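Just so we're on the same page: letters track the sequence lines, and every chain starts at 1. Since we're looking at a predicted model, the values are computed, not measured.
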Amino acid sequence: MTEPFVHPYIPNTAPETRAAMLAAVGAASVDEFYADVPEALRLGRPLDLPEPLVAEQDLARHVTALLAKNVSTHEKLSFLGAGTYHHYVPAVVDEVIGRSEFLTAYAGEPYEDHGRFQALFQYQSLMAELLAMDVVNVPTYDGFQATATSLSMAGRMTGRRRVLVASDVLPAKLSKVRDYVRVHLDLEFVATVDATADVAAVAARLGDDVAAVWVETPSRTGAVEARLQELADAAHAVGAVLVVGTDPIGYGVLTPPAEQGADIVCGDIQSLGLHQWFGGAHGGFIAVHDDARFVMEMPSRLFGLATTDVPGEFGFGDVAYDRTSFALREEGKEWVGTAAALWGIAAGVYLALMGPQGMRDLGEVLLARTRYAQQALAAIPGVALGDGALHLREFTIDLSDAALTAGSVVAALRAQGIEPGVPLGEHELLVCVTEMTSQRDIDRLVAAVGGLVDRAGLDSGSALVDRRTAGLDTGSALLDRRTTPTSQEQYA
Amino acid sequence: MTEPFVHPYIPNTAPETRAAMLAAVGAASVDEFYADVPEALRLGRPLDLPEPLVAEQDLARHVTALLAKNVSTHEKLSFLGAGTYHHYVPAVVDEVIGRSEFLTAYAGEPYEDHGRFQALFQYQSLMAELLAMDVVNVPTYDGFQATATSLSMAGRMTGRRRVLVASDVLPAKLSKVRDYVRVHLDLEFVATVDATADVAAVAARLGDDVAAVWVETPSRTGAVEARLQELADAAHAVGAVLVVGTDPIGYGVLTPPAEQGADIVCGDIQSLGLHQWFGGAHGGFIAVHDDARFVMEMPSRLFGLATTDVPGEFGFGDVAYDRTSFALREEGKEWVGTAAALWGIAAGVYLALMGPQGMRDLGEVLLARTRYAQQALAAIPGVALGDGALHLREFTIDLSDAALTAGSVVAALRAQGIEPGVPLGEHELLVCVTEMTSQRDIDRLVAAVGGLVDRAGLDSGSALVDRRTAGLDTGSALLDRRTTPTSQEQYA
Amino acid sequence: WDEPIIFELSTPGERGVLVTPVEPGVRAAVGDVVGDLPDGLRRSAPPALPELGQMRVLKHYLRLSQENLGADLNVDVGQGTCTMKYAPKVNDQLIATPDLTALHPLQDPDDAQGVLEIIWQTERMLAEISGMDRVSLHTQGGSAAIWANIAMIRAFHEANGEGAQRREVITTIFSHPSNAAAAKAAGYEVITLHPDPDGYPDLAALRAALSPRTAAIMVTNPEDTGIYNPAITEWVDAAHAVGALASYDQANANGILGITRARDAGFDVCHFNIHKTFGTPHGSGGPGTGANAVSEALAPFLPGPRVEREGDRFVVREAGERSIGSVGPFFGVVPNIVRAYAWIMALGAEGLRAVAETAVLNNNYLMTKVLEIPGASAPYATGRRRIEQVRYSWQELFEETGITSEEIGVRASDFGMHYWTSHHPYVVPQPFTLEPTESYSMAELDEYAAVLAEIAREAREEPETVRSAPHRQTVHHTHHDDLDDPERWAITWRAYRRKYFGAGAVGGAGSGDAAADEVAA
Amino acid sequence: WDEPIIFELSTPGERGVLVTPVEPGVRAAVGDVVGDLPDGLRRSAPPALPELGQMRVLKHYLRLSQENLGADLNVDVGQGTCTMKYAPKVNDQLIATPDLTALHPLQDPDDAQGVLEIIWQTERMLAEISGMDRVSLHTQGGSAAIWANIAMIRAFHEANGEGAQRREVITTIFSHPSNAAAAKAAGYEVITLHPDPDGYPDLAALRAALSPRTAAIMVTNPEDTGIYNPAITEWVDAAHAVGALASYDQANANGILGITRARDAGFDVCHFNIHKTFGTPHGSGGPGTGANAVSEALAPFLPGPRVEREGDRFVVREAGERSIGSVGPFFGVVPNIVRAYAWIMALGAEGLRAVAETAVLNNNYLMTKVLEIPGASAPYATGRRRIEQVRYSWQELFEETGITSEEIGVRASDFGMHYWTSHHPYVVPQPFTLEPTESYSMAELDEYAAVLAEIAREAREEPETVRSAPHRQTVHHTHHDDLDDPERWAITWRAYRRKYFGAGAVGGAGSGDAAADEVAA
């Protein structure tokens, strides 16, 4: 630190400049500017903060040393998913979003920020192709928010309160959605069968008071919903909206929900070119058909093409800006603010690099590796798959017959440098593979789990329990206390 | 790999495009383009190279894993210098030279590459202030080349062959310089006294056949030359040129050689904002006064200010372009080609960030830490400083009285995670400290060396040897066989 | 550059990046997984994404970047309320380590001690800065933090059995509109107060509006006018007197860091926009990060999961029974949290105070310069100092020349400067809001004021120059009328092609073919 | 932007970055080290470096960057002979790890196994690509590698006792000028051969020039005309017949990778420009990297230190007795070596061949397009294919319009394209050299050709537009006459101020004061 205090981030701490500026405004000291802050509210002492590291080299050494305490998935073999996924991020993606021009821009107008408008319009357009839908928003915060907003849109459009939740939903996502919509909507849970929607049960509970049917595909356990069109038809028959929460990663090979009747498709773009970032890099998309009834309910910004004074030139601007809370405050649809634009640019670059063939190849690798991991793990005596559905990227294994708890497997494998997955129940483990998980990596997991099973068998014999009921339910209750679908808090 | 072979780096491997282009030029296959390559010279088989990693994710995993085998100076405590130094690189430096516009440009003209011309003109200008000289080149390869060229310039200007080497020179640098100049110049070594020039001995050997006196400050051992002006006066008295090789890092506090009579000042810019890069990031500067006799002997490009059609506007261009080998081939001065421009831009950004006060503060830290390390190490019984000169950043310690070889100290301390320095002789160790080496780091080294000394004392008693002769000479011979100043290979 | 839309650059067969192949061993075990997909689940036509080589994608986006005006490039004082300050490059560099980018949030907490410590420490530092007891960094932006404020308030009243009774939220017109919008989204009726004639928040109006129906007051201070409410304690006390909570939108905290604190004025809950006040880059519109700071009474309602310290270790605890739950995935926008930590650590207490003091010095200096421009004015609180920003008006200039603030903003872009025009509601006529923060030098502020003065001169002497701007941008005057017409708006390339050329009405093949056509043409 | 010279932006007292303070413990031990400096060693006035806050430095250089045309941004086929290809971003990202940037070359080799393996492997791969036995990656650019070639040749002849006898080096006029320059610097007399009327290297001329005085032939193939010397084996044999060595400048290797190899034609030594052929970025003019590949006979003369493999470990060996020693510090330009390794590994044998084939396809395609432009021609070897580049001529256009190639090059910059004009010696009149490499798509080559066609049209129809270019650049037509006059050239800001304003004739204070004056003004 220098005396007087001069800091590289604050040029006008230079003493001569500070004096000149005070003179120019006719103030004796900066204290004058705080005339309106009552004396009683003045802090009157320095903030009690750690000693600063004003020299950049000292700051860098400190922060680097702190972060070096982490042990990342480069060093540990990870089969963790559950909302944040380890996909490869092409270098060009990081290069583009690291550009000062994108990284440090904010809310400029279409002229000086033409590049930002075009990049985000392209993001919308590229996502639209992947999803086969005509309207995609500038990203909102994350898939949680996108889903909460999508359901809210359905509520506003239909004027109804009931929402049928047809899939297994990530508990944290459910937590967010419920607290967000509970004033306006009532969530009702329809238990899944073999990990996907019980279409008959959903149909049975549909009525003209249902705002939306909410499907997640892949679901919390990675199960791909096979009967989306039937759900759509049933929902539409009573005027309800089919809201599909999804991860777009598979749509190079899988039929997009829009082609199976979905009205609103929403989810997260973290898989499309964003690092894991300890779960701190998510963006939410909401896609709808080009139907003003839907579009006008979207709270996010939508960038659109416009003509200019030069024939043939594309300009950009906000579509239906007056929808937004910028314009309407509490009369607007929810709100709009700083959200996740940079991640949208990243996802756009990702899709442009991947192209149709890249997304197809990726989808195939994911399906193949998922299936391979399922087969190899299920081949271990005492290990079974949690269900018979088609899975993409994630699936569960049931360890009941191996007399192993999911927690004990996690603890044992962590000691071997492996994060084998996320426990969902006492004996149920959610395993995730991506294109970053090679055959050799999977084989390593299988060998490690196999080793545990052998040892468990030796230690305890086999204490057989019903592997599909007790374990699962206990576990869910254990982990997701606040989100189990038993009590519907309602707001009077 | 895809079939047919399509690669992201080679757009026209797309089959349709390739076919269309062949059709457009009227060729049946690419083979036609090689009509002039005799059949006997065709390889006729695929190159025998490792299986490629065409998927970027596979390449990244492979290279990252290879580099992760390295254990860097972030993890080891390093007192290594000897030509490559561990200084802090401000983040803005890396940001600027990482910009695609600078990183991937090359040889554009002053219009479309205005930024490059200005950035390098500024580098020249910033270095010029630090060195207090009016002319600085666009960087050449490294300090080795800069020194070799500076001596060659002196030879061309004077038409003489003798060069008096008044300082201790880094062996590798001497190796380069000697092989480079030996056709035109004869190097004669004048032994140093207490690590700096023996001014009387140099003066005694001066004559009107001497092209240059070559001084290094800081020298190979980090000694700062205190009698530069006397050397300059003596050289100038016989019409010889004073060439000073230096590291510019200290000139925030030290008098620059130009103010002590130096005619050509040269050296390396690695210390100014470049990472260590395993010794792979060096750039050479040559600075002279604004005297056409000197300037016209410089082989490098020199960017200069020029007026434009707009009054008050600065343009840029090559000064005296027709000096260069681009224009004159073998009639030019040595040659010019791709050298180290990006590192010059980096050094310019570094100096702009540091400013006068930053360079002063840095110089002070370096002097203080050097002195502190010298004192603390010399306080260990049996450890002595190699000489009594003023040192900047590097100095030697003599371990003879501690009955330790430099090599054994290195081996022992490496096992403790410390690189204590570079052995110069059997008992002589070259130790380097920078602003990255904190007091605590130095104390750790001192404690470790002290521990070795204690143990050595216990193990062997004290086998005293003359600590300033035998050890030193043996060591030099050992390490620098090809560069000892005994035989002057001359070219007939 | 006049860079085409990326679909126009597509060439069949080109590849931008390749995916790792399925290993033969996997292939042998699983067979043709795509072919084996059940009917209806296998995509019939590939998505019509463009096909480009890697360098062309890079070049495209680099060129687009050069058509953008980042805060690093201009004197970005025109985005008032947005606190466009220097986001230090060292922080971007520090977070780029795989030790952070490749960390999964569900890894063993023992393998995440570094990031957990940073989250915990940042919360503690923000607690000290706000005077509050507990802090959460979960939210993803300022408005999301406002949402969390009202969600906690709602949960608090519900926990006290007053959920049904307290149905109103009071805010002011110069508080950020998200306070009103979030309260509405949470089910509240919103009462908006206008200032007194001097522009100060109207305490009498507040007292009139407060009642046992009030759930909370949600106010910004200083407001977007740069005016600090000197009666803020009385506002909070009045709210408390009727059993309401007081929520402080600290989006405009940049001028008061280390000067005064939310809790000291009695607030129960407040939030910071980390991406504004604490120096993280704005990312073309996010990700941001919000911090919610609360009193002990509200602590149980904070979002989860929480990072807690146990001895020398940091552990993760699921949120408690009364928590509002997850407001987003995991721990919040981690890259920004680490940046904010580094920013605070680079400055310390003395530095934060220098930030605040310099921000207000810069603002009052710029105000002096701007008010010297004929036609510019600063409504309200005439002659008084402002904190960190000022909402100005071009009303006088407009009356004289007919040139609007929006037109001046567009023209400013020709000088490499700009200001944003979103100042809804237009209470101040022809508004523009300048917030110079602490990051700009005196010379840069002079330069900005000189640009405005020059445009004001043009407005008088050559108004057509202003009206027909921009003149030096990639694009030209853009027709925004299409954008409000559902029949004509084009939110994606596929919609554009369908609506304007009838291509690819359903499915993906249409625009891909079209792109191919253009290349072939 | 019209960004000032950085000295003009200086404001006294501002700081860009701070240095770590001297610890109290160190201070107590050493006292005032600056004050204690001996007389004459303490600098009297601080260097007149500018004083700027960090963001202003950043902004300045970002703006300068935007005034630059990197290969990533344009269709960079105009820098013929320079092989401007795509330098993959992933390679820049991979080398940025502290595992490489923070590695010291004198660390324990056990702590450098990764980088040593990469150096060794890259040498082996280049040995296979060239057919040679041993490779060194020490040199810092193409010309440096040429220097190493001649230095090894010199050492070889000296070792054989023929140093005094062999005093001549033979090269061709279309080989890179550094072959002549480096030979001269090494003390040789240089004989330069001109091509036969068809532009092919003249074997008869070579035979006439060869003698026992010849140390080496140093030739490029294909030459800078893009013409491959079909008699290359005869050239090498003829050199060998008189005891001379044959040195192959492979700067133009991009079109023949995997097609034909240096050793197979009998060469003793060759070099590659790694930054050209192997995809490392050009860095605004370096750092480059050269590879020297030699036959077993020349291996002892390679520079040192050498990386060698012992079992599974990689070790460092000092160069042997006959080595030319160090040509630069340590192991060469390590960041580029790692990039080149990654580039080769991304492509493999099939990929390298695709590089070569596509480069020649692109070149012959572009030649077809260019030769359709009236006024453009490709001298020599009329009607024949070229390898990877073509030296064209605007002579016909010049005769018709008076517009020079240099003027056309400047005008091209207005279209975001350019070509460089250094084609000394001007054997081809009004030359321009285009080398499209493998990196550009057909559409981009069409675009480039269309720009040239448009300028040729302008040259005929509105020549003043071309003559007065540039029109769309930051700077305008620049007067280069000052730059050749020692009284007026200004190579640094301090020299400029001294010569034009008499400021700061000696020492540093002058321009600093001047900068301060400007800010105060």
Where on [X] is there a heavy atom nearer than 4.5 Å to chain C: the side chain, the backbone, both, or neither?
X      : value
A:V224 : side chain
A:Q124 : both
A:M21  : both
A:A40  : neither
A:K76  : side chain
A:R414 : side chain
A:V295 : side chain
A:V37  : both
A:E435 : both
A:D142 : side chain
A:R371 : both
A:Y106 : both

Hey, does the side chain of [X] reach the backbone of [Y] with a donor-acceptor pair shorter than 3.5 angstrom?
X      : Y      : value
C:D111 : A:S72  : no
C:S284 : A:F102 : yes
A:T255 : C:R42  : yes
A:H7   : C:V355 : no
C:R43  : A:Y251 : yes
A:Q439 : C:E23  : no
C:D99  : A:K69  : no
A:Q122 : C:I6   : yes
A:S100 : C:D72  : no
C:E128 : A:D48  : yes

With side chains defined as the heavy atoms from C-beta onward, is the minimum distance between [X] and [Y] less than 4.5 Å?
X      : Y      : value
C:L37  : A:L390 : yes
C:V410 : A:E109 : no
C:I129 : A:L47  : yes
A:I345 : C:L64  : no
C:T20  : A:R369 : yes

Which pair of heavy atoms, one from [X] and one from [Y], lies closest together, and at what distance?
X      : Y      : result
A:A105 : C:H282 : O-CB, 3.3 Å
A:L351 : C:L49  : O-CD1, 4.1 Å
C:Q107 : A:E419 : CA-OE2, 3.4 Å
C:Q79  : A:G108 : OE1-N, 3.9 Å
C:G114 : A:N70  : N-OD1, 2.9 Å
C:Y365 : A:V25  : CA-CG1, 3.3 Å

Quick one: which of [options] has the most heavy-atom pairs under 4.5 Å with chain A, could you say?
options                      : value
C:V338, C:L94, C:T233        : C:L94
C:P486, C:S178, C:G328       : C:G328
C:A87, C:P335, C:A349        : C:P335
C:A112, C:G70, C:G288, C:G16 : C:G70

I'd like to verify something: which residue of [options] has the highest number of heavy-atom pairs under 4.5 Å with chain C?
options                        : answer
A:L66, A:V92, A:T13            : A:L66
A:P90, A:P256, A:G315, A:A82   : A:P256
A:G304, A:A352, A:A368, A:A306 : A:A368

Problem set entry | C:Y496 and A:F314 aromatic ring geometry - parallel, tilted or perpendicular at 30°/60° bounds |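 Perpendicular, since the angle between the ring planes exceeds 60°.
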
For this session: Decide whether A:D309 and C:H479 meet the rule of one side-chain donor and one side-chain acceptor closer than 3.5 Å.
Result: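 Judged by distance alone, the side chains do pair up.
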
Exercise. Listed by chain and number, what are the side-chain contact (heavy atoms from CB on, under 4.5 Å) partners of C:R27, not counting sequence neighbours?
Worked result: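 Counting only residues at least two positions away or on another chain, C:R27 forms a side-chain contact (heavy atoms from CB on, under 4.5 Å) with A:E364, C:V22.
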
Chain A contact via [X] - side chain, backbone, both or neither, heavy atoms under 4.5 Å:
X      : value
C:D482 : side chain
C:E117 : side chain
C:I337 : neither
C:L58  : both

Exercise. What about the rings of C:F331 and A:F278, do their centers lie closer together than 6.0 Å?
Worked result: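 Yes, close enough.
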
Problem set entry | Passing candidate, side-chain contact (heavy atoms from CB on, under 4.5 Å) with A:Y141, options C:P287, C:P329, C:S143 |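 The side-chain contact (heavy atoms from CB on, under 4.5 Å) with A:Y141 is passed solely by C:S143 among C:P287, C:P329, C:S143.
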
For this session: Output all residues satisfying side-chain hydrogen bond (donor to acceptor under 3.5 Å, both in side chains) with C:W489, sequence neighbours left out; order by chain, then residue number.
Result: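 With neighbours one apart ignored, the set is A:D290.
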
First locate atom [atom1] of [X], then atom [atom2] of [Y], and finally report the distance between them rounded to the nearest 0.5 Å.
X      : Y      : atom1 : atom2 : value
A:N12  : C:S439 : CG    : OG    : 10.0 Å
A:H62  : C:Y341 : NE2   : OH    : 2.5 Å
A:L353 : C:R15  : CG    : CZ    : 11.0 Å

For this session: Begin with the C-alpha distance, continue with both residues' side-chain angles, and end with the deciding distance and a verdict on side-chain hydrogen bond (donor to acceptor under 3.5 Å, both in side chains) for A:H114 and C:Q473.
Result: CA-CA 9 Å; A:H114 179 76; C:Q473 303 301 318; over 6 Å; no

